[in-house]
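Counting from 1, the numbers follow the sequence of the chain as shown. Being a predicted model, the structure only gives us computed values, none of them experimental.
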Amino acid sequence: MRVPLSWLREYVDLPATETGRDVQAKLISAGLEVERVEQLGADLKGPLVVGQVLTIEELEGFKKPIRFCTVDVGTANGTGEPQEIVCGARNFAVGDKVVVVLPGAVLPGDFAIAARKTYGRTSHGMICSGDELGMGDDGSGGIIVLPPEMEPGTDAIELLQLVDEVLDIAVTPDRGYALSMRGVAREAAIAYGLPLRDPALLDVPAPNAFGHPVRVADPIGCDRFTARTVTGLDPDAQSPIWLRRRLQKAGMRPVSLAVDVTNYVMLELGQPLHAYDRNRVEGTIGVRRAEQGEKLTTLDGVKRTLDAGDLVITDDRGPIGLAGVMGGAHTEIDDTEGTTTEVVVEAAHFDPISIARTARRHKLSSEASKRFERGADPAATSAAAQRTVDLLVLLAGGTADAGVTEVIAPSAPHTITIPADHPDKVAGVPYGRETVVRRLQQVGCDVYGQDELIVTVPSWRPDLTDPNDLAEEVIRLEGYENLPSTLPKPPAGLGLTDRQRLHRRVGRALAGAGYVEAPNYPFIGEHVFDQFGLAADDPKRKVVKLVNPLSDEEPALRTTLLPGLLGALRRNDGRGSHDLALFETGLVFHPQDELRVAGRLPVDRRPTDEEIASLTAALPLQPRHAAVVLAGAREQAGWWGKGRPADWADAIEAARVLARESGTELLVRSGQYGPWHPGRCAELAVVVDGAEQVVGYAGELHPGVLKTLGLPARTCAMELDLDLLERASSGHPKGPKISTFPVATQDVALVVDKSVPHADVEAALHEGAGELLESIRLFDEYESEQLGADKKSLAYALRFRAADRTLTVDEASAARDAAVALATERTGAVLRGA
């Protein structure tokens with residue numbers, strides 16, 4: 001919202017010495033976000049005067065039309081003689097009044113004006129357009145042509161109000177009232193302790209049966225509708241300079257008198273209006289929901305297909321406007337032919353949610369929709385219509401029709417009961433009842449009661465719904481800067497939970513293993529499950545959807561970390577980083593079997609355990625996952641030797657790293673799931689409460705998935721459930737015991753069928769070797785024709801050590817033989833070379 005300071009002073013008698021910066025500081029202290037103060041005309045220097053064109057000579061022989069003009073500027077040039085000026089514009093004629101800048105002046109942009117020879121003539125000044133004066137787009141696209149009553153030599157700087165200060169306010173969604181001069185003026189009046197001249201306090205005639213007929217079929221979508229008629233308008237009447245300049249300063253382009261007046265009143269009172277050409281409206285004006293597929297051409301010339309949820313304005317032919325968003329083209333004011341002499345003024349109040357959804361659905365955000373969706377003042381419709389009628393009568397010579405139509409749905413003012421000391425408890429500051437009542441009355445509330453206050457909320461503040469909102473009003477008006485800075489005093493000894501410690505250890509371990517953390521937004525689109533090739537009944541397809549998502553393409557909360565990580569990998573690969581190893585730890589979300597509504601927690605005390613449990617029960621399940629993705633080289637080539645690409649084994653090793661950090665034994669076996677390659681996918685499992693549970697998968701992604709997502713070839717990934725990993729943990733990881741006795745190493749090579757997983761062989765060796773086995777490591781896998789077509793050789797290094805003695809060769813060999821025997825029994829392994 002752009003607020004010209006000169007306009008603001010109409011409603012509040014600000015001290016004459018107050019600058020825009022001073023007002024900015026006051027409004028910021030009151031809680032408004034005043035982003036900047038624009039200094040209009042700060043670099044403008046006169047003389048800049050009104051001139052009357054006396055003669056125009058067309059100069060020939062140039063590439064573009066050039067005119068040599070003589071202009072009467074009165075005595076502003078010191079001689080009283082006509083001023084000779086060369087000009088290329090053609091939208092003015094002899095006798096027109098224009099704006100002339102004389103030599104010695106400086107225009108915005110440090111453009112100094114001097115007499116200069118051009119096109120064979122000497123130009124003593126310049127005839128100005130709006131852009132050259134920093135006025136913005138005035139809709140004319142050329143030289144400013146002033147009303148004929150202006151006298152030559154009049155100071156144009158004051159006439160055109162070129163010097164001003166404009167406050168640019170970023171209005172938050174909860175303060176829709178600040179999208180009007182009335183609302184900002186009220187805040188300024190409170191901040192300075194001055195009275196407000198409310199522009200909405202007008203004498204409005206009572207409704208009668210003679211107004212334009214109106215029928216509201218949806219009183220929930222439209223609870224107020226006021227219609228007024230003005231006849232006898234001068235079709236050639238133009239908006240006066242003061243009106244056009246205020247619109248321009250507020251960031252709006254002047255169009256025509258009727259449209260300018262409705263825009264002006266909207267900026268003044270915050271009530272959007274619409275003016276219909278009465279001769280183009282057929283029959284009764286109605287308000288209803290659109291029929292599915294109904295068509296409407298809006299003022300921007302776009303033919304729109306309406307939705308059944310859209311609220312529309314109609315006449316006997318059908319829709320003539322998209323309620324609260326934009327009018328229709330069939331009933332617009334004709335400002336090109338100048339034939340509109342009778343208008344019907346609409347001032348209505350529409351349901352904010354309905355307007356917001358319609359504007360988003362049609363991607364059509366307008367000044368009207370911005371105000372309605374933030375909550376316009378329903379009680380201002382009659383005053384806004386009256387103000388519009390008064391201006392049309394004053395500026396266009398019209399006559400106000402005696403008929404007044406008002407359709408009002410029954411409603412009661414909103415009241416809130418609040419303890420008088422509630423703001424004191426919220427802020428921790430003893431304001432006292434008198435201060436609380438005074439501040440609430442300043443924002444427009446009616447307050448009754450002593451220790452228990454009954455507060456009636458003003459119609460222009462729909463954001464005030466409960467006691468905490470009222471407490472916020474008291475606190476902000478008393479000044480946030482006056483709140484004491486106090487630190488909370490938590491009891492000693494709480495520290496991190498086991499879950500938090502594991503989360504931190506996992507992050508450090510993956511970073512130490514060469515992965516880069518890449519946090520992502522927790523939102524996904526359901527189409528990603530098809531891209532991943534998940535089954536129709538896969539639990540990951542059950543998502544929690546957001547009521548108001550940031551993007552319509554990602555309306556759900558994630559059930560897996562991989563979409564975000566793979567998207568990050570794709571973006572980095574596309575920008576030239578091809579050797580990538582990324583990780584993320586974060587929450588995923590699964591819906592509860594039973595949908596519950598969360599209660600509101602108190603702010604004046606600590607919530608009880610029951611209240612917290614009730615809130616938690618209403619939330620979706622939120623297990624913490626960890627995931628990695630890899631592409632390109634895992635080890636770089638250099639003088640030290642050859643590098644190697646990342647493969648499925650690296651993804652599995654990342655899972656083993658996490659298992660070691662949690663002190664959990666991870667079971668790795670061949671698996672098949674979703675986006676992973678069926679022949680290069682490992683299923684990861686742990687033992688929880690005596691039963692095996694799958695915690696995730698790791699390996700190379702399926703080529704089809706890589707092609708669909710645009711990922712590099714042989715991209716690998718791993719994802720597992722950290723919470724399940726923690727549940728399977730035997731406790732905090734313990735440091736290794738350092739033995740003073742030497743280790744005995746025995747190597748063993750076993751020949752098994754290719755279909756036998758390495759994990760099964762290793763598990764059998766581990767169990768068969770007994771308690772003397774310290775560690776086991778697969779160091780070679782070998783295949784050849786000598787072994788057999790369907791055979792492979794797995795070579796393991798077994799390390800044996802006793803805690804109380806040095807092992808003999810016979811003891812180490814016996815343990816190795818026992819391990820081989822059990823592996824032979826369970827997997828059919830044969831000792832290589834035997």
Discussion item. If you count every heavy atom of other residues, nucleotides or ligands that lies below 6.0 Å from Arg357 atom CZ, does the total exceed 12?
Written reply: no

Discussion item. Check whether Ser662 reaches the backbone of Ala659 with its side chain - one donor and one acceptor, N or O, closer than 3.5 Å.
Written reply: yes

Fill in: Salt bridge Arg605-Glu611, side-chain N to carboxylate O under 4.0 Å
yes

Practice prompt. List the steps, then state whether side-chain contact (heavy atoms from CB on, under 4.5 Å) holds for Arg799 with Thr745.
Written response: CA-CA 5 Å; Arg799 291 167 59 91; Thr745 302; 4.2 Å; yes

Item to complete: Measure from the side-chain N and O atoms of Ser614 to the backbone N and O of Glu610, and report whether any donor-acceptor pair falls under 3.5 Å.
Response: no

Discussion item. For Leu496, is there any backbone N or O sitting under 3.5 Å from a side-chain donor or acceptor partner on Arg501?
Written reply: yes

Discussion item. I'd like to know if the side chain of Asp469 reaches the main chain of Thr465, judged simply by a donor and an acceptor atom lying under 3.5 Å from each other, with no hydrogens or angles considered.
Written reply: yes

Worksheet item: Does CG belonging to Leu483 count more than 12 external heavy atoms closer than 6.0 Å?
Response: yes

Worksheet item: Does Ala829 offer a backbone N or O that forms a donor-acceptor pair with the side chain of Thr824 under 3.5 Å?
Response: yes

Practice prompt. For residues Ala764 and Ala823, report the shortest heavy-atom separation together with the two atoms involved.
Written response: CB-CA, 3.7 Å

Discussion item. Around atom CZ of Arg575, are there more than 12 heavy atoms from other residues, nucleotides or ligands closer than 6.0 Å?
Written reply: no

Worksheet entry | Worked verdict on Asp650 versus Asp647 for side-chain contact (heavy atoms from CB on, under 4.5 Å) | CA-CA 6 Å; Asp650 294 300; Asp647 61 16; 3.2 Å; yes

Worksheet, complete the sentence: Rounded to the nearest 0.5 angstrom, the OH-CG distance for Tyr673 and Leu534 is 4.5 Å

Item to complete: Identify whether the distance between the nearest side-chain nitrogen and carboxylate oxygen of Glu473 and Arg175 falls below 4.0 Å.
Response: yes

Practice prompt. Say whether, by atom type as modelled, one donor and one acceptor occur between the side chain of Arg558 and the main chain of Leu587 under 3.5 angstrom.
Written response: yes

Discussion item. Run the side-chain contact (heavy atoms from CB on, under 4.5 Å) test on Phe529 and Asp538 for me, step by step, so that the C-alpha distance in whole Å, both residues' side-chain angles and the decisive distance to 0.1 Å come before the verdict.
Written reply: CA-CA 9 Å; Phe529 301 130; Asp538 193 291; over 6 Å; no

Worksheet entry | Nearest-0.5 Å distance that lies between atom OG in Ser729 and atom CG in Leu502 | 7.5 Å

Worksheet item: Less than 4.0 Å between a side-chain N and a carboxylate O, is that true for Arg541 and Asp530?
Response: yes

Fill in: Ion pair check, Arg826 and Glu767, cut-off under 4.0 Å
yes

Item to complete: Report yes if the side chains of Val543 and Phe589 come closer than 4.5 Å at any heavy-atom pair, otherwise no.
Response: no

Worksheet item: Does the side chain of Glu719 pick up a donor-acceptor pair with the side chain of His625 at under 3.5 Å?
Response: yes

Fill in: Rounded distance (nearest 0.5 Å) linking atom CZ of Arg361 with atom NZ of Lys363
11.0 Å

Discussion item. Salt bridge or not between Asp721 and Arg727? Use side-chain N to carboxylate O under 4.0 Å.
Written reply: no

Practice prompt. Return yes if some donor-acceptor pair links the side-chain N/O of Glu584 with the main-chain N/O of Asn520 below 3.5 Å, else return no.
Written response: yes

Worksheet item: Should Leu566 and Val705 count as side-chain neighbours, where that means a heavy-atom distance under 4.5 Å?
Response: no

Worksheet item: Does the ring center of His758 lie less than 6.0 Å from the ring center of Tyr796?
Response: yes

Response to the item:
Looking only at heavy atoms, the pair that brings Met718 and Ala698 closest together is CG-CB, 3.5 Å

Practice prompt. Could you please spell out the steps behind the salt bridge (charged side-chain N to carboxylate O under 4.0 Å, His left out) verdict for Glu526 and Lys545?
Written response: CA-CA 10 Å; Glu526 294 180 82; Lys545 290 189 176 181; 2.9 Å; yes

Worksheet item: When rounded to the nearest 0.5 angstrom, what distance separates CG in Leu722 from NE2 in His503?
Response: 7.5 Å

Worksheet item: When you look at OH of Tyr521, are more than 12 heavy atoms from neighbouring residues, nucleotides or ligands closer to it than 6.0 Å?
Response: no

Worksheet item: Within the side chain of Arg374, is there an N or O that forms a donor-acceptor pair under 3.5 Å with the backbone of Lys370?
Response: yes

Worksheet item: Just checking, is any N or O donor in the side chain of Glu33 or Thr172 under 3.5 Å from an acceptor N or O on the other one?
Response: no

Worksheet entry | Glu783 atom CD, neighbour heavy-atom count above 12 within 6.0 Å | yes

Worksheet item: Can you tell me if CG on Leu595 sees more than 12 non-hydrogen neighbours from other groups inside 6.0 Å?
Response: no

Discussion item. Checking the side chain of Arg505 only, and the main-chain atoms of Glu661 only, is there a donor and an acceptor separated by less than 3.5 Å?
Written reply: yes

Item to complete: Please report the shortest heavy-atom distance between Ala359 and Glu373, naming the atom on each side.
Response: CB-OE1, 4.4 Å

Worksheet item: Is the number of heavy atoms from other residues, nucleotides or ligands under 6.0 Å of Asp804 CG greater than 12?
Response: yes

Worksheet item: Is Arg504 atom CZ crowded by more than 12 heavy atoms from other residues, nucleotides or ligands, each under 6.0 Å away?
Response: no

Fill in: Ring-face cation of Arg634 near Tyr515 (centre distance under 6.0 Å, axis angle within 45°)
yes

Worksheet item: Atom CG of Asn572 and atom CG of Asp579: how far apart are they, to the nearest 0.5 Å?
Response: 11.5 Å

